[in-house]
Structures are given as structure tokens and as C-alpha cells.
Amino acid sequence: MVESPHSDGRAGIDAALVKRLVAAQFPQWSALPVTPVEVDGWDNRTYRLGDEMTVRLPTAAGYVPAVDKEDRWLSVLAPSLPVAIPVPLAKGVPGEGYRFSWSIRGWLDGETASLDRIGDLSGFAVSVAEFVLALQRVDATGGPRAGAHSFYRGASPAHYDDQTRRSLAALEGRIDTARASAVWDAALDATWSGPPVWFHGDLASGNLLVRDGKLSAVIDFGTSGVGDPACDLVIAWTMFSGESREAFRGAVGQEPATWARARGWALWKALITLVEDIDRDERRAAVNRRVIDEVLADHDRAG
């Protein structure tokens, strides 16, 4: 889950700690420089290790299950996917005052996806759709079923029903809560009954890398698992619009009920974030208002 640049030392993790961990557990790499990446995530802190590796450290206990999950499954997924994903190289253990397991991966070249770095947004949307479909085709046998490790992505959005209802109550009079409630109710009614498939769980611009304006890699599989793929459609409203959204929709397919649940996932996240930001951060609030408006309009068009 990528956020933005952070000062070194967040969550008690800094370059000096990473340097000590690497030296103690992987002395063959102890001479390599350790530097924070320019755009860091929230769930983990990531550091460049030399020119060809990264070190990734969970910031809290809730993010630790992703270390073993990614170490086990990324190499299984990679051969079937159309673009690069992180390659696990080593797994560290608690030490030097740090309490959690951590990982070392290969460095992936590319820049974080943004509209100004993408030449053909509709073509990019098709590439993201192709990634989603390729991921869904990977054999899900034995894969990690959706649950706490995926923050319930891949499960029913009903897990967040109470949180969503509280957000709707808090936003009464500030958004169209009647229409938003209808979208949420439709998402809960659109029960998923298909076979479990692989999902990424956090397909967002910050987890997509581009080179020469095209999708080159997908990162951060911390919320991945097997279950309902609806959560991977949320990018239709958070990154795409107009022609690019229709290009994504057409390329990725999926049944109407899956799109109804996807609207629910997008609405849930936009609502809870808007509650936090509406009186504190006008820019972020505007982003979430736009997502909510687009989701409501899409629901209306779907009938």
C-alpha cells in the first residue's frame, strides 16, 4: 500500500537499523549502501540495498503475515504474469531491536504510475486488465484464502458493513448518503459464489510501475490471496475514467455482480477516508468525493 515520501525513522525503522540487520544476518551484503526509497509504503518501510535489491520491513504486527505469504507465493505467481513482480531473495528474522520478520527482494526498475507518466491511458488500462486476468488464471490450489492476512480483501465486503454504516452516518448531509447506501446494499446483495481465484488486493497507481509510459511491474502483494476478485476492479474508479475506464471494463470482463461488489469496495474505502479528511485535508477529500461521485453514477447506469 503505497502512500508518499516519509522521513527516515517512521515506525522506529531507519537506515541504520536496516544496515545492522543486514550485517548481522546477511554479511555477504553488509558492504552495500542502504538508502530509503523515494516513495515509501505505509504497511512497510522499504530501503534500497545496493543497486539490485530492496529491504522491506513491516511497520506493525498486522502486516507481518505478508512476509511469509509473499516469500512462499511470489515465485509461484511470477511465471504466469505478463509483467514483473517482486522476487524474494532472502527472509530475515527479528533482531537488533526490531521485532518482526522482514525480507530482501530484487530491485524492480520503473517509476510509480501517474497520469503524466503514461502515454496511452486506455492502453495502460488494458495492460492492467490483462494482469488481473492472468492472475486469476493461476492455479489457486493451496493458496492463502482471504481473511485477516488480506485485510478481508477477497472476502465479502460485509466484513466492513459496520464501518461503512458509521461513515455514512457521519457524512449525512455532506454527500448523497441515500444513493451511497443503495450502492452498498447492492454490493452486499451481490453474493459471490464462484471458485476462489487469485487477487492482488491493492491494485492502485502506487503499486504499479511504468517504463516508457507502459506498465512494467506490479508490486506489494501484501493483501493478496485467493477468493473473490472484485476488490481488484476498484482501480476502475480510483485511477481510470471515461475512455480508459471503459477500456479496462471491456478488457477485464467480469459479471455484473462482481462489478456491484467492486463498487462496494471502492465506496467503503472512499467513505472511511473522506470521514478522516473532510475537515482536515481539502485535496484528499476532493479525491475521495470524486471517487464516490463516480461510483454512484456508475451504479445508476448499471440500473
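Hydrogens, waters and symmetry mates are skipped; everything else that's a heavy atom, side chains included, is used. Computed from a prediction, not measured in an experiment: that's the story for all the values here.
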Search all heavy atoms of A11 against all heavy atoms of T59 and return the closest pair with its distance. CB-CB, 3.7 Å
Would you say the ring centers of F248 and F124 fall short of 6.0 Å from each other? no
Are the side chain of R99 and the backbone of P94 linked by a donor-acceptor contact shorter than 3.5 Å? no
Residues A236 and W259: closest non-hydrogen pair is CB-CZ3, 3.9 Å
Electrostatic pair D228-R153, nearest N-O below 4.0 angstrom: no
Does K19, at its NZ atom, have more than 12 non-hydrogen atoms belonging to other residues, nucleotides or ligands within less than 6.0 Å? yes
Give the cluster check for I272 versus V295: same hydrophobic cluster or not, with ILVMFWY residues linked at side-chain heavy-atom distances below 4.5 Å. yes
Identify the two heavy atoms, one from S167 and one from L271, that lie closest to each other, and give their separation to 0.1 Å. CB-CB, 4.0 Å
Partner of L57 under side chain to side chain contact (heavy atoms under 4.5 Å, CB included), chosen from L21, V64, V67: L21
Sub-3.5 Å donor-acceptor pair from the side chain of R245 to the main-chain atoms of S122, do we have one? no
Please answer whether the main-chain N or O of D202 pairs with a side-chain N or O of N207 as donor and acceptor at a distance below 3.5 Å. yes
Looking at every non-hydrogen atom in both residues, tell me the closest pair between N288 and K269 and how far apart they are. OD1-O, 4.4 Å
Proximity of F199 and W192 rings by center, below 6.0 Å: no
Give a yes or no answer on whether the side chain of R45 reaches the backbone of D14 with a donor-acceptor pair at less than 3.5 Å. no
More than 12 heavy atoms from other groups under 6.0 Å of CZ on R211: no
What is the distance from atom CE of M239 to atom CG of L203, rounded to the nearest 0.5 Å? 10.5 Å
Six-ring centre of W102, R56 cation under 6.0 angstrom, axis tolerance 45°: no
Going only through I, L, V, M, F, W and Y residues with side-chain contacts under 4.5 Å, is there a path from V22 to L32? yes
Centroid separation W268 to W184 less than 6.0 Å: no
What verdict does the salt bridge (Lys or Arg N to Asp or Glu O under 4.0 Å) test give for D185 and R261, after you've listed the backbone C-alpha separation in whole Å, the side-chain angles of each residue and the deciding distance to 0.1 Å? CA-CA 10 Å; D185 289 340; R261 295 191 303 279; over 6 Å; no
For the residue pair D139 and T141, confirm or rule out a side-chain donor-acceptor distance under 3.5 Å. yes
For the backbone of D71 and the side chain of S75, can you confirm whether one donor and one acceptor N or O come within less than 3.5 Å of each other? no
Side-chain (Q25) to main-chain (A23) donor-acceptor, under 3.5 angstrom: no
Grouping I, L, V, M, F, W and Y whenever their side-chain heavy atoms are under 4.5 Å apart, do V252 and V197 come out in a common cluster? no
Which pair of non-hydrogen atoms, one from C231 and one from G154, has the smallest distance, and what is that distance? SG-N, 3.8 Å
Please walk me through it: do R290 and D293 pass salt bridge (Lys or Arg N to Asp or Glu O under 4.0 Å)? CA-CA 5 Å; R290 182 193 64 79; D293 289 344; over 6 Å; no
May I ask you to decide if A182's main-chain N or O and R179's side chain share a donor-acceptor pair within less than 3.5 Å? no
Sorted by chain and residue number, the salt bridge (charged side-chain N to carboxylate O under 4.0 Å, His left out) partners of R280 (sequence neighbours excluded) come out as none
Determine whether a donor-acceptor pair (N or O, by modelled atom type, separation under 3.5 Å) exists between the side chain of S216 and the backbone of L209. yes
With a 3.5 Å distance limit and no angle check, can you tell me whether D212 reaches the backbone of K214 through a side-chain donor-acceptor pair? no
Does R263 count as lying over the ring of W237, i.e. NZ or CZ under 6.0 Å from the six-ring centre, within 45 degrees of the axis? no
Do other residues, nucleotides or ligands put more than 12 heavy atoms under 6.0 Å from the CD atom of E243? no
Between D161 and the options H159, Q163, R165, the side chain to side chain donor-acceptor pair (under 3.5 Å) test singles out R165
Determine yes or no for a side-chain-to-main-chain donor-acceptor pair under 3.5 angstrom, with E70 supplying the side chain and G222 the backbone. yes
Would you indicate whether E52, at its atom CD, is surrounded by more than 12 heavy atoms from other residues, nucleotides or ligands within a distance under 6.0 Å? no
Salt-bridge present (R174, D279; N to O < 4.0 Å): yes
State, without any angle test, whether R105 and S103 hold a side-chain donor-acceptor pair at a distance under 3.5 Å. yes
Work out which heavy atom in A134 is nearest to a heavy atom in S80; give both atom names and the distance. CB-O, 3.7 Å
Once ring pair (Phe, Tyr, Trp, His ring centres under 6.0 Å) is applied, what residue pairs with a partner in residues 201-228 remain, sequence neighbours excluded? H200-F221
